[in-house]
Amino acid sequence: MTKVTLAKGLNAGLRKAMEDDPKVLVMGEDVGKLGGVFRITDGLQKDFGEDRVIDSPLAESGIIGTAVGMAMRGYRPVCEIQFDGFVYPAYDQIVSQVAKIHFRSKGRVKMPVVIRIPFGGGIGAVEHHSESPEAQFAHTPGLKVVACSNPVDGYWMIQQAIACDDPVIFLEPKRQYHADKADLDTSAEPQPLFTSRVVRAGSDLTLLAYGPMVKTCLASAEAAAGEGKSIEVVDLRTLSPLDLGPVYASVRKTGRAVVAHEAHVNLGMGAEVAARITEQCFYSLESPVLRVGGFDTPYPPSRIEEQWLPDLDRVLDAVDRSLAY
Amino acid sequence: MTKVTLAKGLNAGLRKAMEDDPKVLVMGEDVGKLGGVFRITDGLQKDFGEDRVIDSPLAESGIIGTAVGMAMRGYRPVCEIQFDGFVYPAYDQIVSQVAKIHFRSKGRVKMPVVIRIPFGGGIGAVEHHSESPEAQFAHTPGLKVVACSNPVDGYWMIQQAIACDDPVIFLEPKRQYHADKADLDTSAEPQPLFTSRVVRAGSDLTLLAYGPMVKTCLASAEAAAGEGKSIEVVDLRTLSPLDLGPVYASVRKTGRAVVAHEAHVNLGMGAEVAARITEQCFYSLESPVLRVGGFDTPYPPSRIEEQWLPDLDRVLDAVDRSLAY
Amino acid sequence: MSESPLPVPAAPSRAGSGFGPDISEVFGPHAADGGPDLVQLLTPEGERVEHPDFSFGTDLSGDDEAAMIRGFYRDMTLTRRIDTEATALQRHGELGIWAQLLGQEAAQIGSGRALRRQDFAFPTYREHGVAWCRGIDPLQLLGLFRGVDHGDWDPEQAHFGLYTIVIGAQTLHATGYAMGLQRDGDVGTGDPDRDAAVVAYFGDGASSQGDVNEAFIFAASYNAPVVFFCQNNQWAISEPIERQSKIPLFHRALGFGFPGVRVDGNDVLATYAVAKAALQRARDGQGPTLVEAYTYRMGAHTTTDDPTRYRLSEELETWKLKDPIQRVKAYLTRNGLADQAFLEAVNIEAEELGQHLREGCHALPEPSPLDVFDRVYAEQTPELAEQRAGYADYLDSFDVPAETGSPR
Amino acid sequence: MSESPLPVPAAPSRAGSGFGPDISEVFGPHAADGGPDLVQLLTPEGERVEHPDFSFGTDLSGDDEAAMIRGFYRDMTLTRRIDTEATALQRHGELGIWAQLLGQEAAQIGSGRALRRQDFAFPTYREHGVAWCRGIDPLQLLGLFRGVDHGDWDPEQAHFGLYTIVIGAQTLHATGYAMGLQRDGDVGTGDPDRDAAVVAYFGDGASSQGDVNEAFIFAASYNAPVVFFCQNNQWAISEPIERQSKIPLFHRALGFGFPGVRVDGNDVLATYAVAKAALQRARDGQGPTLVEAYTYRMGAHTTTDDPTRYRLSEELETWKLKDPIQRVKAYLTRNGLADQAFLEAVNIEAEELGQHLREGCHALPEPSPLDVFDRVYAEQTPELAEQRAGYADYLDSFDVPAETGSPR
Ligand SMILES: Cc1ncc(C[n+]2csc(CCOP(=O)(O)OP(=O)(O)O)c2C)c(N)n1
Ligand SMILES: Cc1ncc(C[n+]2csc(CCOP(=O)(O)OP(=O)(O)O)c2C)c(N)n1
Ligand SMILES: [Mg+2]
Ligand SMILES: [Mg+2]
């Protein structure tokens with residue numbers, strides 16, 4: 001058992017995956033000597049060599065496009081996109097190639113490509129460094145999309161994503177990278193990748209989150225408990241496919257749900273989750289599923305990002321509105 | 001009053017916009033001599049010259065990126081993306097530049113760029129030629145997104161989009177281009193661009209659609225009428241911003257809603273519309289808002305596209321399920 | 001035949017006073033005949049000519065050489081037959097669309113026949129001739145155009161990627177595959193059965209895509225064993241090559257730091273010789289090469305295109321005189337290397353192939369709407385499985401067995 | 001000073017036997033000193049040297065020339081002061097991050113001063129020196145890095161685009177703007193107050209982006225009046241230039257059909273001369289040029305970067321000997337063109353500028369969370385107006401006046 005940060009958990013997970021399977025490659029901008037701007041790939045090039053930890057030219061479409069070719073040759077490339085806002089030059093390769101080749105080939109060609117994206121805000125960065133692009137990928141059939149929220153999940157989920165024969169968009173809450181530590185027991189049995197998890201039990205309302213918002217929502221639930229409200233919190237973990245079985249069960253019990261994410265509310269994950277919960281739990285709902293997230297504006301200058309991002313109070317505000325129905 | 005197809009309506013609208021404002025430019029692949037693969041820009045280069053109707057190199061990012069520069073110089077570029085599936089190489093320029101420059105510049109730089117995209121399926125085409133990418137753009141603050149469904153709207157909406165000082169993603173249902181004709185009265189007063197429209201009155205259920213699905217939904221409503229069900233149909237027309245006032249009014253009356261589109265259901269426009277209707281009309285709803293759309297798979301080979309696409313029966317199936325609550 | 005390495009263009013000299021302000025002085029107007037740099041070994045009239053850097057057949061006996069050229073003739077004739085037949089099938093409504101290769105047979109057969117088994121080719125949507133060389137049943141090409149599938153061969157088995165419609169995307173896949181070859185140690189070992197290369201096909205229009213240029217950059221940066229084979233057929237739908245580049249396309253490679261060469265794409269001997277040298281360079285670990293096969297799209301862009309709207313018929317007439325098949329035929333017959341019986345046998349083969357396509361096309365299995373759900377992921381998701389089940393129930397409700405297709 | 005057109009590199013000759021298989025024979029290993037093609041007019045030691053194609057000051061009187069060089073010295077010194085001050089402000093937590101230009105002053109001032117009022121410049125995030133030349137108050141640069149805005153000057157008024165962080169995106173904007181100039185008839189009229197050019201700044205790393213290469217293609221295709229000004233500072237964060245290109249970057253232009261030239265980016269005279277010629281070429285309607293300013297990023301990539309992880313300190317030491325400011329100072333003082341009083345005056349100005357930045361930075365107005373809603377669209381949408389109103393109510397509920405910021 002060691003105490004690790006999310007950054008260290010991911011780093012250890014990547015290392016393990018590379019040890020376990022010589023076909024696993026890491027590639028991206030500055031992933032080599034520098035170990036990535038967040039140091040997630042720290043030390044890997046030194047130990048696995050330049051052939052397996054590949055510093056790429058500065059071109060995201062090139063990174064993903066060549067990863068497709070390497071995957072066709074039997075490799076399992078793990079691509080790092082330096083920041084969320086820089087995934088878009090690769091968007092075409094991701095949605096028209098990575099996502100479709102298995103389908104196009106009638107299942108003959110597998111695409112075990114992992115695309116790691118540090119996502120979300122709260123680090124005081126400049127434009128394009130704090131985005132939450134998950135809905136766009138979740139809307140794309142052929143991709144799988146997951147988001148980790150803590151060091152232990154980081155360790156296991158990255159290995160599971162690499163082992164998956166489908167392409168996985170792997171979202172890492174960058175502001176958690178070097179934040180809290182957690183106990184990592186590498187001999188434990190990990191929870192399956194494409195499953196959600198109830199991280200706090202409660203009976204009055206179901207609060208759903210993933211990635212960076214899990215911590216916020218747990219804090220909100222804690223605060224609400226102080227006011228006598230019992231909130232169940234679910235870490236969705238997988239965004240495509242969604243694993244809403246536990247959520248339906250929870251909502252059927254609580255009758256109320258709030259979904260929180262940093263991404264824009266309009267057409268964000270919350271829209272889909274709300275629509276599905278309403279379809280599945282219509283007669284159980286005592287209030288509409290409410291959504292709390294980033295406003296429908298571009299990400300603001302960082303001095304006001306903490307106001308723009310949903311925080312403990314904004315989540316509680318939504319909780320209160322839901323309970324007021 | 002002349003009878004025109006959607007293709008002709010758009011062509012006439014573009015022509016009018018170019019006549020009215022010398023700053024309007026048309027650019028894209030094959031828009032010049034060929035008049036575009038769908039002939040929407042037919043004859044424009046002949047009449048307005050190569051400086052205003054610009055055949056571009058084969059590079060979508062280049063088309064949109066140079067359009068940004070031309071807009072900064074005071075032009076109003078109307079870019080044609082040849083098919084929906086080819087907008088993705090330009091995705092970065094669209095979501096990180098076109099959508100954000102007004103915001104980035106504190107409103108100092110306007111971005112009156114129109115991006116025309118023939119969208120949707122049903123024309124028996126090969127891969128990448130039948131996609132419905134609207135949700136991805138609607139999720140992006142800074143863009144406005146509209147979809148026309150008929151020749152008359154085509155004529156007016158394209159002019160209004162060009163006149164708009166914000167970037168507009170302009171979706172054209174390609175399978176309607178050369179289908180039905182409608183009476184065009186160019187002296188009429190057009191409906192404002194960013195508004196929805198009730199296209200059929202009804203009292204039992206509200207059916208929402210846009211673009212190619214409006215026709216299908218009207219036919220479904222007609223069929224339902226034969227079975228004594230009275231369906232109100234709304235053509236959303238604008239997808240971002242949404243104009244749901246009339247929809248809420250309708251749903252408060254009918255108590256039921258179904259949203260239909262060709263795009264994948266998962267995180268499609270229907271998710272947002274359903275979530276909002278549920279939030280706004282919670283106590284009026286007698287059944288959950290149901291969604292009918294493309295399945296969550298890549299677009300299939302064209303011989304089965306008619307089964308994959310939501311059609312009259314699939315819409316009616318959803319209507320029946322809604323009414324059965 | 002010599003395995004001479006590809007010539008590497010000299011670095012531009014900056015000394016001297018020969019520099020002028022007008023770039024056309026240097027690069028010349030775009031020469032209609034391909035320009036002075038064009039590698040040609042067989043003239044349009046069917047005469048063999050010499051080239052200082054490339055030759056054909058020097059490593060073969062006279063008989064073997066003749067047999068090889070007869071083989072090219074056969075390949076090209078059959079490829080053209082596939083094309084004509086598919087075009088006819090489209091006209092009869094059996095295919096939704098067809099992308100004709102008419103006029104590009106030499107570029108495709110020359111390069112396709114230069115491939116070794118272990119090499120891997122990434123096509124666009126027009127490489128029917130290369131597919132033929134890779135041993136793919138032309139029937140398998142029809143599915144995509146008929147709309148029953150998006151491609152129906154096994155890329156890994158055929159060493160031939162699926163047709164890629166998004167312009168230029170496959171050049172990056174090719175580069176990545178080539179990087180895989182490097183990591184497998186299948187480059188530069190000297191073992192002719194092991195060393196492998198990748199070839200990426202693309203068009204003149206595609207040369208403008210960011211992806212293609214990024215592929216050049218990655219290939220140069222990693223010295224990847226990939227040949228970028230551009231069929232410059234002068235047109236990207238309605239846009240002439242001048243819209244993409246004012247100078248010969250093969251020069252593009254120079255600026256990225258690897259050699260480029262322009263070959264007469266209607267000359268199968270030259271295309272073969274140049275492709276072979278470029279592929280060998282790649283297999284030997286000497287890195288990427290750009291081959292510009294200077295050719296002409298004699299047909300429409302696809303069967304839905306109408307070229308009369310944008311190009312003059314004279315242009316086509318000029319190029320008909322350079323027909324890639326005619327010149328080989330002229331060479332073979334004039335030199336007594338092929339007799340009437342041979343030509344007749346090829347014709348019969350072509351007839352049979354045509355019949356195979358006509359009959360096979362009708363018989364191509366219709367896709368099942370339920371299969372669609374099973375091919376999205378290698379590991380099916382519960383939600384998609386549920387969607388499939390719901391749709392199957394829905395289909396059942398129409399009283400038509402789900403597997404046989406539409407309820408209507 | 002002569003307005004000599006830029007040299008156009010000769011087309012690679014294909015004749016002769018000088019071709020070898022190894023590309024490095026031709027392009028040579030990447031020369032650490034910039035290579036033989038480097039245009040230099042002032043040595044690191046401060047000696048003026050001649051170049052056959054470019055010269056500085058030949059159109060000026062001796063006094064004017066000296067005044068101009070003193071101006072460059074002042075510009076560079078003040079620019080460096082902006083940089084040092086901003087770096088310090090970051091260390092003190094006043095800025096979130098800062099992108100240093102240390103070492104790139106000559107490249108930026110030389111090119112920035114070659115611009116005419118009507119020209120338009122599109123920067124990356126590091127062109128503080130160019131911003132200075134465009135008359136932008138350096139305080140306005142700080143907002144982005146402090147996080148109070150995404151840029152705070154009026155691009156149209158300053159003829160200077162906003163900082164663009166997505167690598168390479170602005171090169172296409174520049175090309176489009178240049179196409180707008182063409183359509184406005186502001187190119188090639190011969191009127192020096194009318195004819196205009198655009199300059200797109202980008203880095204060596206950016207040269208690998210598809211967008212940059214597409215910009216080359218569009219500019220070449222339309223002969224657009226744009227200068228692509230690449231500051232090759234040898235590094236893209238931790239990646240050395242060799243990862244992006246194994247041959248000198250300016251060669252890239254050749255393959256796209258327009259001239260490229262490599263200039264000593266630490267030599268303000270040469271940078272000015274080359275940029276001036278390239279801009280004039282553009283204004284005259286002769287189309288695009290690629291200028292590679294060969295320089296060095298003496299600082300970290302940004303204040304959050306740690307270059308000790310990936311590069312040797314010797315490298316930095318070598319480049320310190322080529323400091324762009326020192327060589328101008330040496331030239332001016334050694335030749336009696338600047339006295340102590342002048343140098344002192346510049347220092348005082350720098351002090352004042354530093355103070356201006358320190359004081360101004362604290363005083364930069366904080367953004368209002370509600371403004372965010374008003375800047376998304378030119379024509380506000382009802383739904384966003386509603387979201388704004390809802391948020392204002394929410395803020396009010398905390399009993400803190402909304403306009404003054406966070407409730408917490
Ligand atoms: C990214 C993308 N944009 C547009 C298209 C539409 N399109 C199909 S073929 C074509 C022209 C291609 O020209 P070229 O590369 O010269 O190949 P050719 O068809 O001549 O073989 C275009 C524009 C596409 N398939 N992909
Ligand atoms: C599309 C994109 N990818 C990645 C980044 C992250 N990033 C910021 S600067 C940089 C390196 C840029 O190098 P170069 O172009 O040489 O410019 P320099 O910083 O040296 O001035 C990278 C990778 C980005 N800003 N945009
Ligand atoms: Mg072509
Ligand atoms: Mg750099």
Side-chain angles (χ1 to χ4, degrees), chain A residues 28-39 42 45 50 54-63 65 82-83 85-86 88-90 92-93 123-130 264-266 294-309 311-314 317-318 320-321, chain D residues 96-97 99 125 143-151 163-169 203-212 236-240 243-245 301 304-307 309-311 366-369 371-376 381 383-384 387-388 391 394-395 397-398 405-408:
Chain A
E29 295 157 8
D30 307 294
V31 296
K33 272 196 187 159
L34 186 62
V37 294
F38 291 109
R39 309 290 185 268
D42 194 26
Q45 191 180 65
E50 295 192 13
I54 309 169
D55 268 333
S56 74
L58 208 174
E60 287 77 9
S61 191
I63 295 170
Q82 200 159 77
F83 283 89
F86 308 138
Y88 301 119
D92 178 57
Q93 283 286 347
I123 64 159
V126 296
E127 213 187 342
H128 311 289
H129 288 70
S130 308
H264 315 297
V265 170
N266 185 33
F295 297 110
D296 293 318
T297 75
Y299 201 87
S302 62
R303 301 281 279 206
I304 43 175
E305 69 182 334
E306 295 301 344
Q307 279 118 293
W308 189 88
L309 289 169
D311 60 3
L312 185 144
D313 288 323
R314 290 249 305 280
D317 177 62
D320 289 346
R321 280 187 289 124
Chain D
I97 193 172
Y125 41 79
L144 166 71
F145 297 97
R146 185 170 169 84
V148 303
D149 58 42
H150 292 324
Y163 276 5
T164 301
I165 289 168
V166 178
I167 298 292
D204 46 302
S207 70
S208 293
Q209 281 287 359
D211 272 11
V212 174
I237 308 186
S238 74
E239 299 192 6
R243 176 48 71 225
Q244 324 290 340
S245 181
H301 171 68
T304 59
D305 179 39
D306 173 11
R309 292 180 70 102
Y310 54 82
R311 70 184 189 188
E366 287 295 314
S368 142
D371 283 352
V372 170
F373 297 89
D374 300 330
R375 291 175 179 164
V376 185
T381 68
E383 60 188 37
L384 204 52
Q387 238 176 69
R388 183 193 202 279
Y391 186 51
Y394 168 83
L395 291 180
S397 74
F398 288 85
S406 166
R408 274 163 301 276

*Asks:* V37(A) versus chain D, heavy atoms under 4.5 Å apart: side chain, backbone, both or neither?
*Replies:*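 Side chain only.
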
*Asks:* For D374(D) and R388(D), run salt bridge (charged side-chain N to carboxylate O under 4.0 Å, His left out): C-alpha distance rounded to whole Å, both residues' side-chain angles, the deciding distance at 0.1 Å, then the answer.
*Replies:* CA-CA 8 Å; D374(D) 300 330; R388(D) 183 193 202 279; 2.9 Å; yes

*Asks:* Considering only heavy atoms and a distance below 4.5 Å, find which of D30(A), L34(A), V126(A) pairs most often with chain D.
*Replies:*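 Heavy-atom pair counts peak at D30(A).
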
*Asks:* Using heavy-atom distances under 4.5 Å, tell me whether E60(A) contacts chain D through its side chain, its backbone, both, or neither.
*Replies:* both

*Asks:* Count the heavy-atom pairs under 4.5 Å between each of G210(D), G205(D), G96(D) and chain A, then report the option with the highest count.
*Replies:* G205(D)

*Asks:* Thinking salt bridges, do D42(A) and R309(D) make one under a 4.0 Å N-O criterion?
*Replies:*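 Yes, charged N to carboxylate O under 4.0 Å.
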
*Asks:* Step by step, work out the side-chain contact (heavy atoms from CB on, under 4.5 Å) result for L309(A) and Y299(A).
*Replies:* CA-CA 9 Å; L309(A) 289 169; Y299(A) 201 87; 3.4 Å; yes

*Asks:* Under 4.5 Å from any heavy atom of chain D, what part of Q82(A) do you find: side chain, backbone, both or neither?
*Replies:*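 The answer is the side chain of Q82(A).
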
*Asks:* Determine, using ring centers only, whether H129(A) and F86(A) are less than 6.0 Å apart.
*Replies:*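 Between F86(A) and H129(A), the centre distance is under 6.0 Å.
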
*Asks:* Among P57(A), G62(A), P89(A), G124(A), single out the residue with the greatest number of heavy-atom pairs under 4.5 Å to chain D.
*Replies:*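 Highest number of heavy-atom pairs under 4.5 Å: P57(A).
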
*Asks:* Is the side chain of T381(D) donor-acceptor paired with the backbone N or O of L384(D) at a distance under 3.5 Å, no angle test?
*Replies:* yes

*Asks:* For I167(D), is it the side chain, the backbone, both or neither that has a heavy atom under 4.5 Å from a heavy atom of chain A?
*Replies:* side chain

*Asks:* Measure the shortest side-chain to side-chain distance between P307(D) and H301(D) over non-hydrogen atoms and say whether it is less than 4.5 angstrom.
*Replies:*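 Of all side-chain heavy-atom pairs linking H301(D) with P307(D), none is under 4.5 Å.
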
*Asks:* Where on D305(D) is there a heavy atom nearer than 4.5 Å to chain A: the side chain, the backbone, both, or neither?
*Replies:*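 Only the side chain of D305(D) comes within 4.5 Å of chain A.
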
*Asks:* Can you tell which of E239(D), Q387(D), Q209(D), R243(D) has the highest number of heavy-atom pairs within less than 4.5 Å of chain A?
*Replies:* E239(D)

*Asks:* Does any backbone or side-chain atom of D296(A) lie under 4.5 Å from a heavy atom of chain D? Answer side chain, backbone, both or neither.
*Replies:*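 Both parts, heavy atoms under 4.5 Å.
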
*Asks:* At a 4.5 Å cut-off on heavy atoms, which part of R146(D) comes close to chain A: side chain, backbone, both, or neither?
*Replies:* both

*Asks:* Is the ring pair Y391(D)/F373(D) parallel, tilted or perpendicular, if the boundaries are 30 and 60 degrees?
*Replies:*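 Answer is tilted, since the angle falls between 30° and 60°.
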
*Asks:* Can you tell me which of R39(A), E29(A), H128(A) forms the most heavy-atom pairs within a distance under 4.5 Å of chain D?
*Replies:*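 Top option by heavy-atom pairs under 4.5 Å: R39(A).
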
*Asks:* Quick one: of L58(A), I304(A), D55(A), D317(A), who has the most non-hydrogen atom pairs under 4.5 Å with chain D?
*Replies:* L58(A)

*Asks:* Give, as side chain, backbone, both or neither, the part of T297(A) having an atom under 4.5 angstrom from any heavy atom of chain D.
*Replies:*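 Both backbone and side chain of T297(A) come within 4.5 Å of chain D.
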
*Asks:* Heavy-atom distances under 4.5 Å only: say whether A169(D) touches chain A with side chain, backbone, both or neither.
*Replies:* neither

*Asks:* Just wondering, more than 12 heavy atoms not from E366(D) lying within 6.0 Å of its CD?
*Replies:* yes

*Asks:* Is there a donor-acceptor pair under 3.5 Å between the side chain of R314(A) and the backbone N or O of Y394(D)?
*Replies:* no

*Asks:* Within a strict 4.5 Å, meaning less than it, do heavy atoms of the F398(D) and D313(A) side chains meet?
*Replies:*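 Sidechains of D313(A) and F398(D): in contact.
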
